[in-house]
Amino acid sequence: MDKKDVYIGIDLGTTNCALSFYISGRNMESVNLDNGYLLRSAVDWRSPEPCVVGKEALKRTLDLINGMVVLNAKRLIGRKFNMEETRSVMHSCRVKVVSDNQGYAAFSIPGTGHVIRPQDVSAKLLDHMFDKATTFLTDYKIMGVTVTVPASFDQDQRLATLNAIELSKFGTNVRLLSEPVAAAISHNLMHSVKTGYILVYDFGGGTFDVSIMEVRNETSFKVIATDGLGWVGGENYDMMIYDDMLRDFTESNDGETLIEHPHDRTREARLERYKARIIEMCREMKESLSAEGNTIETIDMGWLFEAQANDNQRKFGNEYDDYDGILMDYTYTLSRAHFESLIKDSIDRTIQCTRSCLDKAGLQAGSINRVVLVGGSSRIPLVRKKLVEVFPDDRIIRMDPDLCVSKGAAYYSAACDHLTEISFEECAPFSVFTKVRHGHRHFSYDPIITCRDMLPCTRSKRYIVDNAYAFEDEILIGKTDKDCRHLANIECCGITVKPNVVLVYTFTLTKEGILRYSVMEEETKKELVKNETVTDMNK
């Protein structure tokens with residue numbers, strides 16, 4: 001019997017992943033990945049083959065506290081180790097973060113000798129989803145797969161995501177799609193906006209993106225403005241709760257600190273082993289306070305002190321029964337009101353980005369027909385409270401923030417095979433600059449592609465070289481020339497050695513946001529470089 005065609009969409013999230021599928025003539029559906037539709041983005045690397053992923057990885061308490069379970073790898077995928085932002089979020093991955101041999105952030109797994117990259121972690125999550133999908137869809141043939149990425153992902157992050165897909169069982173025939181576009185597609189399948197504007201407020205575990213789309217004829221979308229915060233997400237709030245717990249403990253215990261103790265120098269190192277478990281408890285507390293009706297939560301920390309007392313008993317051969325010996329009672333209580341006071345400034349920054357996005361689009365808040373809430377962090381009640389100060393409450397739609405992105409991606413996969421009708425235009429996720437020198441000490445940044453350009457786009461630039469066999473240029477990316485950063489040095493060899501040779505550099509930013517370049521001699525038409533990807537990766 002011939003197998004029927006199925007199209008898959010994947011939301012490869014910071015905290016959780018989801019996989020949905022589309023079959024012609026049926027409603028969109030999702031696959032049970034981990035005793036539910038969500039797969040926790042956690043991978044235990046104690047035994048690399050096969051890795052344990054999802055909730056099962058988090059149950060391995062010893063591996064978790066010993067730094068063998070990688071969480072939230074998406075926060076560091078395609079990121080240089082020496083970036084300030086990398087340092088600010090590396091703790092959320094719960095393992096030791098190091099630099100790989102190319103200067104990108106990677107993870108060191110203790111006792112194994114393994115240094116693994118974020119894309120290796122993502123590949124294991126994709127493998128798990130592939131196995132679950134093919135088992136569930138055994139009577140179907142996978143015809144198309146789309147994986148979503150944040151709209152703010154830059155060149156290296158997109159390339160690293162593609163690398164993760166290539167390393168996984170899904171292979172190479174996979175498309176990328178920005179998460180806000182996927183969410184807008186999903187929205188319009190259920191709450192049709194025939195013409196008008198949709199604003200997608202996408203607040204996940206590791207990033208915040210806001211995008212405004214013009215809807216033309218129900219199935220045609222044009223992204224006209226984007227903004228976001230690449231390092232703000234629900235994981236930050238887990239750490240805020242954790243830090244507040246430390247402060248509360250100090251205030252409750254006459255200035256003593258939870259992390260160190262004057263009579264026990266080894267305590268700080270031992271407590272660090274338990275930090276990952278404590279932060280997981282803080283995450284659960286945050287999620288509970290984000291649910292309707294829950295206004296106060298507690299964490300009983302007695303288990304921690306009992307565990308430490310047992311450590312001391314094994315080490316010193318005696319039993320402690322007071323604070324000096326660690327065994328004591330402590331319960332941390334967090335109300336929703338106090339939680340909101342901790343995160344208020346961060347939520348306010350997302351609202352500022354939302355207003356900035358409206359300004360970029362040249363629109364007033366009243367022009368927006370729908371505000372679509374996406375991502376687990378959009379469940380936080382304070383988010384809606386702040387948004388209704390900008391938009392009418394009846395225009396704010398919370399669909400299923402966990403599954404709407406993967407469902408929109410599945411529908412897009414079918415559209416790429418002309419099975420469904422959908423089209424979209426998206427603006428460039430970043431601007432592209434070259435470094436132009438003026439004398440020995442001065443230089444400026446020459447824009448080639450800007451954030452206002454629609455994908456795909458192609459731009460050319462001419463250089464004149466004299467008696468040179470090779471030529472090198474520096475490529476930078478950013479929103480503006482004030483915040484741009486180095487992406488890669490690109491070079492070409494084999495130039496005709498004579499005066500005044502004109503080189504034509506052609507840069508193309510694909511529909512998936514991947515920057516490529518070609519180089520040709522204008523006079524001879526000789527191709528020196530053909531459709532190479534601009535990156536320092538894998539060099």
Side-chain angles (χ1 to χ4, degrees), residues 8-19 33-34 38-45 48-54 57 69-81 86 89-90 92-93 95 97-98 100-107 109 114-134 142 144-179 182 204-207 230 405-406 409 413 429 510 512-515 533 535-539:
I8 286 176
I10 295 173
D11 180 2
L12 192 60
T14 302
T15 307
N16 297 296
C17 303
L19 184 149
L33 298 174
D34 195 16
L38 297 182
L39 171 67
R40 187 78 166 88
S41 301
V43 180
D44 187 344
W45 281 83
E49 295 296 340
C51 288
V52 176
V53 305
V69 180
V70 185
L71 286 80
N72 312 314
K74 182 178 176 180
R75 301 199 84 178
L76 295 185
I77 196 166
R79 286 300 191 186
K80 291 283 191 179
F81 176 76
T86 299
V89 300
M90 62 171 58
S92 68
C93 298
V95 297
V97 179
V98 298
D100 69 8
N101 57 12
Q102 297 166 351
Y104 289 88
F107 309 116
I109 307 302
H114 295 298
V115 174
I116 58 174
R117 304 167 301 167
Q119 49 264 50
D120 298 321
V121 178
S122 295
K124 295 300 181 185
L125 296 170
L126 288 165
D127 281 347
H128 179 87
M129 288 187 275
F130 179 88
D131 291 340
K132 290 290 185 179
T134 51
I142 298 175
V145 180
T146 297
V147 174
T148 61
V149 295
S152 58
F153 259 24
D154 65 20
Q155 172 87 343
D156 281 345
Q157 291 171 299
R158 290 167 188 260
L159 287 174
T161 302
L162 285 173
N163 184 223
I165 297 166
E166 292 167 0
L167 292 170
S168 76
K169 296 177 182 179
F170 282 103
T172 57
N173 189 25
V174 178
R175 297 177 176 87
L176 296 185
L177 179 68
S178 74
E179 292 166 2
T207 58
V405 169
S406 60
S413 293
T510 69
E512 295 180 328
I514 303 298
L515 183 64
T533 301
T535 182
D536 278 342
M537 281 186 177
N538 303 319
K539 287 188 177 180

Quiz prompt | Point-to-point distance, once rounded to the nearest 0.5 Å, from CZ of Arg117 to CD1 of Ile77 | solution = 9.0 Å
Quiz item: Are Ser41 and Leu125 side-chain neighbours, meaning at least one heavy-atom pair lies under 4.5 Å?
Solution: yes
Quiz item: Are the side chain of Arg158 and the backbone N or O of Phe153 linked by a donor-acceptor pair below 3.5 Å?
Solution: yes
Quiz item: Does Lys80 offer a backbone N or O that forms a donor-acceptor pair with the side chain of Thr86 under 3.5 Å?
Solution: yes
Self-check item: Worked check of side chain to side chain contact (heavy atoms under 4.5 Å, CB included) between Thr535 and Asp156
Solution: CA-CA 7 Å; Thr535 182; Asp156 281 345; 3.3 Å; yes
Self-check item: Donor-acceptor pair, side chain of Asn72 and main chain of Ser92, under 3.5 angstrom
Solution: yes
Self-check item: Interatomic distance, Leu76 atom CG to Gln157 atom CD [nearest 0.5 angstrom]
Solution: 9.5 Å
Quiz prompt | Partner of Phe107 under side-chain contact (heavy atoms from CB on, under 4.5 Å), chosen from Val97, Val43, Val115 | solution = Val97
Quiz item: Does Thr14 reach the main-chain N or O of Lys74 with its side chain, forming a donor-acceptor pair under 3.5 Å?
Solution: no
Quiz item: Looking at Ala105 and Pro118, what are the two nearest heavy atoms and their distance?
Solution: O-CD, 3.2 Å
Self-check item: Steps toward side chain to side chain contact (heavy atoms under 4.5 Å, CB included) verdict (Leu12, Met129)
Solution: CA-CA 10 Å; Leu12 192 60; Met129 288 187 275; 3.9 Å; yes
Exercise. Take Asp154 and Arg79 through the side chain to side chain contact (heavy atoms under 4.5 Å, CB included) test and state the conclusion after the steps.
Key: CA-CA 10 Å; Asp154 65 20; Arg79 286 300 191 186; 3.4 Å; yes
Exercise. Please answer whether the main-chain N or O of Thr15 pairs with a side-chain N or O of Arg40 as donor and acceptor at a distance below 3.5 Å.
Key: yes
Exercise. Please tell me if the side chains of Leu19 and Ser406 come closer than 4.5 Å, counting only heavy atoms from C-beta onward.
Key: no
Exercise. Kindly say whether Gly9 contributes a backbone atom to a donor-acceptor pair with the side chain of Ser413 at under 3.5 angstrom?
Key: no
Practice problem: Taking Arg75 for its side chain and Cys93 for its backbone only, find out whether a donor-acceptor pair lies under 3.5 Å. | Solution: no
Quiz item: Does any non-hydrogen side-chain atom of Trp45 lie less than 4.5 Å from one of Val95?
Solution: no
Quiz item: What is the distance from atom CD of Glu179 to atom CG of Leu177, rounded to the nearest 0.5 Å?
Solution: 9.0 Å
Exercise. Find the distance between CG (Leu126) and CD1 (Ile165) and round it off to the nearest 0.5 Å.
Key: 6.5 Å
Quiz item: Checking Gln119 side chain against Ala160 main chain: does a donor-acceptor pair fall under 3.5 Å?
Solution: no
Quiz item: Would you find a donor on one side and an acceptor on the other, under 3.5 Å apart, between the side chain of Asp131 and the backbone of His128?
Solution: no
Practice problem: Carefully, step by step, assess Phe170 and Val147 under the rule side chain to side chain contact (heavy atoms under 4.5 Å, CB included). | Solution: CA-CA 10 Å; Phe170 282 103; Val147 174; over 6 Å; no
Quiz prompt | Nearest-0.5 Å distance, CG of residue Leu162 to CD of residue Glu512 | solution = 6.0 Å
Quiz item: Hey, does Gln155 have a side-chain heavy atom less than 4.5 Å from the side chain of Thr533?
Solution: yes
Quiz item: Between OG of Ser168 and CG of Asn163, what distance do you get to the nearest 0.5 Å?
Solution: 10.0 Å
Quiz prompt | Closest non-hydrogen atom pair, Ala106 against Asp100 | solution = CB-CB, 4.1 Å
Quiz item: Do Asp34 and Asn16 come close enough that some side-chain heavy atom pair is under 4.5 Å?
Solution: no
